[in-house]
Amino acid sequence: MRRRLLVVSSVLISALLLALMLPLLSAYAADRTEDLFSKRLADVTRFAVLASPALEGGDFESLESDLRRYEAVHGAAVVVVDANGDRIAASRSGVALDTPAEARAMARALSGTGTPQPKTAWPWREAPLVIASPVGRDAQILGAVVMIAPTDSVRDGVTIRLAWFGLAALVVVTAVAGAVALPLVGWVIRPVRDLDDAAQRFGSGDLSTRVPASVGPPELRHLASSFNSMADSVAMSQSQQRDLVADASHQLGNPLTALRLRIELLGSGATPDQERPIDEALEEADRLSGIVESLIELTRVGAHDPDAGPADIAEQVRHRCELWAPLYDGRLEVVTPEVAWARTTPGLIDLILDALLDNAAKFAPDSLVEVDLAAADRSWRLVVRDHGAGVDAGDVAKLGSRFFRGRAHQNVAGSGLGLAIVQARIIALGGEFEVAAADPGLRVAVTLPVATDPARGSSEAPRGAGRAGS
């Protein structure tokens, strides 16, 4: 847009300069043409006076001598014809009045009419100047003098003046573009760029983004105010939604706790036939409590900027997997580099692995689970892959949605919010979340931005750092 505005402004400035310079150039060319015409017309009139006695007496030698000297000095060919249009003298042999313009000029002169004012000589008009004057005595036309004068001097002068005007116009356009157009375009474009940057940040989840509404044209200032009002409304709406979910989850927590206590009291004196329904009721109460806790966790995502910083996630991955290893009884394979500095938040790696390893234990029991941390393009990629039965192909794209449960796992305990929480936390940090079917099993991958090692000042793993496995 900046380039287009500069082009438009330059074209407008050029058009203005053209409108100012064309009349000046046209006046200059017309004045030079008229001056040349006046001088050559005076010469033609003088030759008409000299040709009158020659036509009457028949002595043309002296006249031709004058004509030859004239052409040698001024470069204009001169022809003298009699009343019948026959050539009787010329500045050089071979000059023939055979062009339409020359024939018309001769005919006008023989009819007693002089040559009218010629057209302005421009560089692209190479036609010579044709001037004719009648030769006569009293009212009798004895013949005519026709001059064919080149306009090179006029056209060269106009060309030079045109070149100077073009150079001056280029200098003026450049100066005006640098002194006026560039600041003006910047004044117009700056609010547009601010709005574009703000819209991208706002779309990425930074709801605190606002733009200054006091710079730029009035229309863009109004647009900035409208954007800020929209951002305020969206931020308020999301805040109200979070508050509603948080309040509802908090209010549900106490009744659920009380309900569970009452069910346990009922179970203390239950008969063997009543124990199973009571146990099932306790399981549902625990499931509802887990959903409430997950909802509270979701409300925290986006409520404030994540307190992100550099951390060695390789050590965190190994430590968390060691805690989960007894549950898998040798079926958990972990591969990480020795050091992997990434931008993360406190407890995020634990949250990710708890959710993914818990899902693998529930939905792919007795299968091998692989945890792999590897460097990617300016990021670290953590992949958890199980070798279970996997999920239906139609369910893969829905994994990570809130409360979604696969068709084959409706009866497995869980809230359906684990992957949704992981996805929300990763995206809020600027990372990526991906779920894909494996053959066999399911693969979940998250990426975190590379961070600088505070001790080494480098965002990469140390040279020679190997891959640690467990």
Side-chain angles (χ1 to χ4, degrees), residues 204-205 238 242 245-246 249 287 289-309 311-321 323-324 327-328 332 334 336 340 342-364 369-374 376 379-386 388 390-391 395-406 409 412-438 441-451:
S204 300
Q238 289 212 356
R242 286 193 298 267
V245 174
S249 302
R287 180 170 177 269
S289 297
I291 291 175
V292 170
E293 292 176 359
S294 297
L295 287 174
I296 294 175
E297 178 65 28
L298 277 176
T299 61
R300 294 171 182 163
V301 179
H304 54 80
D305 294 334
D307 185 17
D312 180 10
I313 61 173
E315 174 62 27
Q316 296 180 12
V317 169
R318 289 193 295 269
H319 175 71
R320 201 64 183 174
C321 289
L323 298 179
W324 278 91
L327 178 65
Y328 285 92
L332 180 63
V334 182
T336 69
R343 183 173 177 269
T344 183
T345 55
L348 178 60
I349 297 298
D350 294 347
L351 172 70
I352 294 171
L353 290 175
D354 286 348
L356 300 184
L357 293 176
D358 180 60
N359 281 349
K362 289 188 297 186
F363 300 121
V369 176
E370 300 171 342
V371 178
D372 183 80
L373 178 64
S379 62
W380 289 101
R381 183 178 175 86
L382 175 62
V383 179
V384 177
R385 184 248 173 115
D386 64 65
V391 296
D395 292 340
V396 174
K398 302 176 183 177
L399 293 177
S401 302
R402 298 178 182 182
F403 299 107
F404 177 76
R405 307 291 298 278
H409 306 104
V412 180
S415 63
L417 290 172
L419 290 181
I421 293 173
V422 172
Q423 181 176 5
R425 291 288 296 273
I426 290 295
I427 292 177
L429 191 62
E432 297 179 359
F433 176 86
E434 177 188 352
V435 180
L442 188 73
R443 180 175 65 251
V444 181
V446 299
T447 60
L448 295 173
V450 167

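- Taken from CZ in R425 to OG1 in T344, the straight-line distance is 8.0 Å, to the nearest 0.5 Å.
- Between L332 and C321, the shortest heavy-atom contact is CD2-O, 3.6 Å.
- Heavy-atom minimum distance, A445 versus V383: CB-CG2, 3.8 Å.
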Exercise for the section: Kindly determine whether V371 and L382 satisfy side-chain contact (heavy atoms from CB on, under 4.5 Å), including the steps that lead there. Expected result: CA-CA 7 Å; V371 178; L382 175 62; 3.9 Å; yes
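- Just one of Q423, R381, R443 meets the side chain to side chain donor-acceptor pair (under 3.5 Å) condition when paired with E434; it is R381.
- Residue F433 is tested with T447, I352, V444 for a side chain to side chain contact (heavy atoms under 4.5 Å, CB included); the sole match is V444.
- Counting only N and O atoms by type, the side chains of R318 and T336 include a donor and acceptor under 3.5 Å apart.
- Contact detail for V422 and L351: the closest heavy-atom pair is CG2-O, 4.3 Å.
- The existence of a salt bridge linking R320 and E315 is excluded, since no basic side-chain nitrogen approaches an acidic carboxylate oxygen closer than 4.0 Å.
- The shortest distance between side-chain heavy atoms of L327 and L357 does not fall below 4.5 Å.
- Distance check, rounded to the nearest 0.5 Å: CG of L448 to OG of S379 gives 8.0 Å.
- D386 places no side-chain N or O within 3.5 Å of a backbone atom of A364 that could act as its donor or acceptor partner.
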Handout entry: V317/V334 under side-chain contact (heavy atoms from CB on, under 4.5 Å): CA gap, chis, key distance, verdict
Key = CA-CA 8 Å; V317 169; V334 182; 4.3 Å; yes
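- D358 and W324 are not linked by any side-chain donor-acceptor pair at a separation below 3.5 angstrom, with hydrogens and angles left out of the test.
- E432 CD: 12 or fewer foreign heavy atoms inside a 6.0 Å radius.
- Scanning both residues, A361 and Y328, for their nearest heavy atoms gives N-OH, 3.4 Å.
- The CG atom of L323 sits 8.0 Å away from atom CG of D350, with the distance rounded to the nearest 0.5 Å.
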